[in-house]
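Worksheet: the structure to be examined is printed underneath.
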2 protein chains.
Amino acid sequence: MAESSTRTVERALVLLGAVCDAGSLSLADAAREAELSASTALRLLRTLEGTGFVRRDPLGAYRPGLRVVQLGAQALGHESLVSLAEPALERLVRQTGESAYLSVPSHDGEGVYLAMREGTHSVRHASWIGRSIPLDGTAVGAVLAGGPPAGGFVVVRDGIEADVTAIAAPVSPGGRAVAALSVVVPSYRITAVEARRFGALVAQEAAALLTPPDAHDTATTRGEPA
Amino acid sequence: MAESSTRTVERALVLLGAVCDAGSLSLADAAREAELSASTALRLLRTLEGTGFVRRDPLGAYRPGLRVVQLGAQALGHESLVSLAEPALERLVRQTGESAYLSVPSHDGEGVYLAMREGTHSVRHASWIGRSIPLDGTAVGAVLAGGPPAGGFVVVRDGIEADVTAIAAPVSPGGRAVAALSVVVPSYRITAVEARRFGALVAQEAAALLTPPDAHDTATTRGEPA
DNA sequence: CTGTAGTTTTCACTTATTGAAACGTCCTTT
DNA sequence: AAAGGACGTTTCAATAAGTGAAAACTACAG
């Protein structure tokens, strides 16, 4: 039912998230962000600092530490989806000229961009890996949260971001969407017809993503040899 | 003096680190790794799970969660060093044909690879972003831990890894090494003369890395507008 | 010089974390 | 088939450990 969580740890993690989200945060700001008293926030941040998860810059502000970078990079490496998706993103960029993304549902009812490939146009959509995206009113959200879309893909013109059209398709092995491929285009550049063409491409890549039925990373599972 | 740390949080972070290092860990293994009782480990891992820092795979094993990937990717993006170093790594690969790395000292007396560029040779060194490297007996370690090397760079032939020669130079604005650039080559492929040539290249790039005297990322500092 | 905001330390309160023990389950061994 | 072992999970009493108000101290701004 409710969550059996350790409050201290939860708070520390919120703090860590706040620091990472902001990129740089003063103690007071961090405390406010996490709704903690200054003394508690200080203590927790010190712990995070001691373990390398945050560091203080010369002005005393808290910043993400190297441990975060290290663990994140490791995790990204292990994330088989990302490596699997790279070729697909590559192809989408080649075929559409636009930036292509891989995103997955996050734990808190949002989505996260896991990988991207920049488009070739000089005016392109500027987003980035690790960014959270709301599931409401976005193409990615529609395919991640909702059931399988009608034509296999979703087009959202001028959703949360004006002047931008997003085209997304679900990666759903066995029905449930575990990820989304998407292409994001400045709206002025795309017609309804072309959007459908792109949609078909995205849907095709998304469908093909997990079809090669091999066990890709069973090697590193469960402890080491003796 | 000693560290004023919250034990609970420290333990949880150790657990998180263990899971990320292993890529996949059973509860019992994680508990052993962190030297915790099973019940404590379970409770803490549940907290980490609830916040998205770890997730359980279908077999019940713990794996790094999306939050880790997200925060790590964000941090990597903010890490100005990485973006600054990209062109330098690129150039090193072009000039040497070998894999080039950016690494920084970690909090625990080790180093971490932050960025790399793969070499063009078909036989190349396989390492990866986020990997820890000992500071003893490595070229990177020598420049990160020790003072400024004699010729501006360090060559270590067959250090911890046999058959591999590493050439590293420190990025040290104002004396202290904050990072290292390095090139790693299969030993059979490189002569002493060429090693010196590479060394000069690496040293040159390392020295130039932080010279453009501009404040590169003051923009995102300290909260948002109003 | 006075006032406001931030960072840090201290300390008494008590809440929230802890780990041994017990239980059920799923394998492996005999 | 039965015994043994390892794992995941739950419970619960003991107490270790986290908490936040307040005060001290610093740094600015008016």
Side-chain angles (χ1 to χ4, degrees), chain A residues 1-19 22-51 53-65 218 220-226, chain B residues 1-19 22-51 53-65 218 220-226:
Chain A
M1 7 183 0
E3 49 270 41
S4 73
S5 287
T6 54
R7 188 173 60 147
T8 319
V9 175
E10 257 184 354
R11 289 173 160 186
L13 294 177
V14 169
L15 233 15
L16 177 61
V19 169
S24 173
L25 223 50
S26 73
L27 168 63
D29 285 340
R32 259 188 297 275
E33 200 77 33
E35 299 182 321
L36 293 174
S37 74
S39 48
T40 300
L42 178 65
R43 210 170 336 105
L44 260 24
L45 281 170
R46 284 222 176 110
T47 305
L48 291 171
E49 189 187 359
T51 49
F53 279 82
V54 307
R55 78 200 135 94
R56 310 200 70 168
D57 66 16
L59 302 95
Y62 289 93
R63 288 170 172 265
T218 49
T220 53
T221 323
R222 291 244 163 178
E224 29 234 292
Chain B
M1 308 305 90
E3 48 272 43
S4 69
S5 287
T6 54
R7 189 173 60 147
T8 319
V9 175
E10 258 185 352
R11 288 173 160 185
L13 294 177
V14 169
L15 233 16
L16 177 61
V19 169
S24 173
L25 223 51
S26 72
L27 168 64
D29 285 340
R32 258 188 298 275
E33 200 78 33
E35 297 181 322
L36 293 174
S37 74
S39 49
T40 300
L42 177 64
R43 211 168 337 102
L44 294 179
L45 282 170
R46 283 219 178 115
T47 305
L48 291 170
E49 188 186 0
T51 49
F53 280 81
V54 306
R55 79 201 134 94
R56 311 199 71 168
D57 66 14
L59 302 93
Y62 290 93
R63 289 171 171 264
T218 48
T220 52
T221 323
R222 292 244 164 177
E224 30 235 291

Quiz item: What residues form a side chain to side chain contact (heavy atoms under 4.5 Å, CB included) with Ala18(A), not counting sequence neighbours?
Solution: Leu25(A), Glu33(A)

Quiz item: Is any side-chain heavy atom of Leu48(A) less than 4.5 Å from a side-chain heavy atom of Leu13(B)?
Solution: yes

Practice problem: Could you state the atom-to-atom distance from CG of Asp29(A) to C1' of dG6(C) in whole Å? | Solution: 10 Å

Quiz item: What one-letter contact string describes nucleotides 11-19 of chain D from 5' to 3', where B marks a base within less than 4.0 Å of any protein heavy atom, S marks contact via sugar-phosphate atoms alone, and - marks no contact?
Solution: -----SSSB

Exercise. Rounded to the nearest angstrom, tell me the gap between atom CG in Leu42(B) and atom P in dA21(C).
Key: 18 Å

Quiz item: Which atoms form the tightest heavy-atom contact between Pro64(B) and Gly23(B), and what is the distance?
Solution: CD-O, 3.3 Å

Quiz prompt | Between P of dG8(D) and CD of Glu49(B), the distance in whole Å | solution = 13 Å

Quiz prompt | Terminal helix-axis angle for the helix from dT8(C)-dA23(D) to dT30(C)-dA1(D), with five pairs defining each axis and rounding to 10 degrees | solution = 50°

Quiz item: Separation of Glu10(B) atom CD from dT17(C) atom P, in whole Å?
Solution: 16 Å

Exercise. Please state how far atom CG in Asp57(A) lies from atom P in dT7(C), giving the value in whole angstrom units.
Key: 12 Å

Quiz prompt | salt bridge (Lys or Arg N to Asp or Glu O under 4.0 Å) partners of Arg56(B), counting only residues at least two apart | solution = none

Exercise. With Val9(A) as reference, evaluate Thr51(B), Leu16(B), Leu44(B) under the side-chain contact (heavy atoms from CB on, under 4.5 Å) test and give the passing residue.
Key: Leu44(B)

Practice problem: Please check the phosphate of dC7(D) (OP1 and OP2 only) for any side-chain N or O of Arg32(B) closer than 4.0 Å. | Solution: yes

Self-check item: Contacts of Ala34(B) that satisfy side chain to side chain contact (heavy atoms under 4.5 Å, CB included) - sequence neighbours left out
Solution: Val14(B), Leu15(B), Leu36(B)

Exercise. Name all residues meeting the side chain to side chain contact (heavy atoms under 4.5 Å, CB included) criterion together with Ala38(B); count only those two or more places apart in sequence or in a different chain, and write none if there are none.
Key: none

Quiz item: Which whole-number value in Å describes the distance from Leu59(A) CG to dA27(D) P?
Solution: 14 Å

Quiz prompt | Thr8(B) and Thr6(A) side chains, donor-acceptor separation under 3.5 Å | solution = no

Quiz prompt | For atom CG of Leu36(B) and atom C1' of dG8(D), their distance in whole Å | solution = 16 Å

Quiz prompt | Separation of atom CG in Leu27(B) from atom C1' in dT10(D), rounded to whole Å | solution = 13 Å

Quiz item: Arg7(B): what forms a side chain to side chain contact (heavy atoms under 4.5 Å, CB included) with it, not counting sequence neighbours?
Solution: Arg11(B)

